[in-house]
Amino acid sequence: MAAGISAIHGLLSSKTSLYPALHKKISPSCVCIKRAADIQSVRAAASATADSQINEKYCLELVRSRDYDGFVSSLLLPEEARRSSLALRAFNVELAQVKDSVSQKTIGLMRMQFWKTAIEEIYRDEPPNQPVSAELWRAVRKHYLTKRWLLRIVTEREKDLDDRAYRNLQELEKYAENTQSSLIYLLLECLGLKNVHADHAASHIGKAQGIVTCLRATPYHSSRRKVYLPMDICMLHGASQEDFIRGSREQNVRDVVYDIASQAHVHLQHARSFSNNVPAAANLAFLQTVVLEDYLQRMRRADFDVFHPSLKNRNPLVPIQLYIRSWKKSY
């Protein structure tokens with residue numbers, strides 16, 4: 001009898017030792033902890049998704065309001081490159097507006113230093129808690145964007161805080177190469193393209209972009225008593241900074257504009273000389289040529305009067321022209 005009881009106790013003891021995990025799984029406290037952890041995980045994921053959507057919307061709205069042509073061009077890119085393109089253009093807008101939004105150069109330098117540091121942190125996978133930085137980090141991770149191009153844009157924008165006219169056309173072209181061309185190189189990387197002919201075309205398109213941007217901004221800068229047009233060309237035609245500040249429409253002022261606009265046209269022609277060797281997919285990174293062509297044509301019709309009222313308005317047909325060019329895959 002005693003032996004039987006011992007055997008039963010032994011069996012019960014062995015069952016308890018065989019199924020300790022089972023006892024833990026059905027513990028109410030463990031179930032509650034697991035559910036709480038699952039809920040916390042779901043909430044964290046939802047929060048991260050919401051933040052990502054907020055960052056994406058911020059960049060989209062920033063580009064739409066400050067770089068509408070770039071906004072439309074980005075929408076015409078393949079889906080896998082669209083969001084990254086908007087992040088890059090938002091980054092470019094953030095840097096471009098520093099010069100006009102600060103009252104002291106020191107403040108501008110501080111903001112440029114922020115972006116230099118942000119780029120370093122992005123490449124360490126530690127982006128600052130800022131919408132454009134977060135979206136830029138996402139683009140860098142997705143497309144393995146070249147750090148050098150991003151830093152070059154910041155460095156060149158930082159130099160431009162000196163707030164002086166370009167000494168010559170070559171100096172303006174260098175600025176355009178380091179800012180606008182670098183941005184196009186990054187757009188090509190978003191499209192997964194690395195091609196020497198595409199890079200050559202991008203270089204010339206970026207220079208044309210920088211020159212046209214300088215011309216388009218002349219009326220605005222002149223209203224603030226600032227002139228950035230190349231001094232060597234102004235001197236060649238006997239046009240002073242005061243002439244532009246007064247909004248002069250004399251022939252010598254038009255001659256200055258003609259020479260500068262002609263150089264932008266030359267760069268567009270050089271860019272197209274590589275078209276036969278440029279991959280078709282790369283043309284989507286060059287859609288900005290539509291906008292450049294449109295401005296130069298309207299400038300020609302205005303007889304190179306940079307202050308002509310017709311140049312102040314955006315051409316409503318440009319979005320349609322951009323779509324057609326993207327469909328044709330040409331630049």
Side-chain angles (χ1 to χ4, degrees), residues 58-59 62-63 65-70 87-123 127-128 130-133 135-136 145-187 203 206-235 240-242 244-245 256 260 263-264 288 306:
Y58 177 89
C59 290
L62 178 63
V63 176
S65 63
R66 299 303 298 261
D67 179 15
Y68 185 75
D69 297 326
L88 287 168
R89 292 191 182 279
F91 167 70
N92 190 53
V93 168
E94 286 275 3
L95 295 173
Q97 63 188 8
V98 169
K99 186 174 181 177
D100 289 332
S101 63
V102 298
S103 56
Q104 298 178 1
K105 181 181 176 181
T106 304
I107 299 174
L109 291 172
M110 290 172 63
R111 290 180 62 175
M112 291 301 181
Q113 184 57 49
F114 165 82
W115 283 108
K116 284 182 179 179
T117 304
I119 291 171
E120 296 295 342
E121 291 174 344
I122 284 170
Y123 280 85
Q130 195 265 2
V132 177
S133 296
E135 284 296 284
L136 197 58
L145 301 180
T146 302
K147 179 180 177 182
R148 180 173 74 258
W149 303 135
L150 292 169
L151 285 174
R152 192 161 83 157
I153 295 173
V154 180
T155 301
E156 195 64 31
R157 293 283 190 186
E158 184 179 54
K159 293 177 183 176
D160 196 47
L161 293 175
D162 288 336
D163 203 28
R164 60 175 179 78
Y166 299 103
R167 288 173 295 185
N168 49 53
L169 192 56
Q170 290 72 33
E171 192 170 83
L172 172 56
E173 289 175 327
K174 181 182 178 183
Y175 172 77
E177 164 68 29
N178 290 339
T179 53
Q180 301 297 340
S181 298
S182 293
L183 180 63
I184 302 176
Y185 299 149
L186 290 163
L187 292 176
S203 175
K207 289 175 182 175
Q209 172 80 51
I211 293 171
V212 167
T213 299
C214 185
L215 286 172
R216 290 179 71 171
T218 295
Y220 168 73
H221 289 144
S222 296
S223 69
R224 303 181 69 192
R225 300 192 61 81
K226 295 180 179 179
V227 181
Y228 299 110
L229 297 174
M231 290 187 292
D232 63 336
I233 297 180
C234 291
M235 292 173 63
S240 66
Q241 290 193 345
E242 191 62 32
F244 286 95
I245 291 172
V256 170
I260 297 173
Q263 189 64 13
Q288 201 71 6
V306 75

Open item on the list: Parallel, tilted or perpendicular: which one describes the rings of Tyr185 and Trp149, with boundaries at 30° and 60°?
Closed with: tilted
Open item on the list: Within the structure provided, determine whether Lys99 and Asp160 are in side-chain contact (heavy-atom separation under 4.5 Å).
Closed with: yes
Open item on the list: Do Arg152 and Glu177 make a side-chain contact, defined as non-hydrogen atoms from C-beta onward lying under 4.5 Å apart?
Closed with: yes
Task: Main-chain N/O of Thr106 paired to Gln104 side chain as donor or acceptor, under 3.5 Å - done: no
Open item on the list: Would you say Asn178 and Arg157 are linked by a side-chain donor-acceptor pair, where the criterion is simply a distance under 3.5 Å?
Closed with: no
- [ ] Go through the structure and list residues passing salt bridge (Lys or Arg N to Asp or Glu O under 4.0 Å) with Lys147, not counting sequence neighbours.
- [x] Glu120
- [ ] Could I get the full list of ring-ring contact (aromatic ring centres under 6.0 Å, His included) partners for Tyr58, not counting sequence neighbours?
- [x] none
TODO: Give the minimum heavy-atom separation between Val306 and Leu215, together with the two atoms involved.
DONE: CG2-O, 3.4 Å
- [ ] Would you indicate whether the side-chain heavy atoms of Ser133 and Trp115 approach each other to under 4.5 Å?
- [x] yes
- [ ] Would you indicate whether the side-chain heavy atoms of Tyr123 and Ile119 approach each other to under 4.5 Å?
- [x] yes
Open item on the list: Whether the Tyr166 and Asp232 side chains hold a donor-acceptor pair (N or O, under 3.5 Å, no angle test) is what I'd like checked.
Closed with: no
Open item on the list: Between Glu156 and Lys174, does any NZ, NE, NH1 or NH2 come within less than 4.0 Å of an OD or OE carboxylate oxygen?
Closed with: no
Task: Side chain proximity check, Pro127 to Glu121, heavy atoms < 4.5 angstrom - done: no
Task: Residue among Ile153, Leu150, Val154 satisfying side chain to side chain contact (heavy atoms under 4.5 Å, CB included) with Ser182 - done: Ile153
Open item on the list: I'd like to check Asp162 versus Lys105 (side-chain heavy atoms, cut-off strictly below 4.5 Å). Are they in contact?
Closed with: yes
- [ ] State, yes or no, whether a side-chain contact exists between Ser203 and Lys207 at a heavy-atom distance under 4.5 Å.
- [x] yes
TODO: Considering non-hydrogen atoms only, spot the tightest contact between Leu62 and Ala90 and give its length.
DONE: CD2-O, 3.7 Å
TODO: Would you indicate whether the side-chain heavy atoms of Arg167 and Pro230 approach each other to under 4.5 Å?
DONE: no
Open item on the list: So does Val63 get a backbone contact from the side chain of Arg89, meaning a donor-acceptor N/O pair under 3.5 Å?
Closed with: no
TODO: Return the minimal non-hydrogen interatomic distance between Val227 and Gln241, and the atom names on each side.
DONE: CG2-O, 3.6 Å
Open item on the list: Under a 3.5 Å threshold, yes or no: a donor from one side chain and an acceptor from the other, between Gln288 and Gln180?
Closed with: no
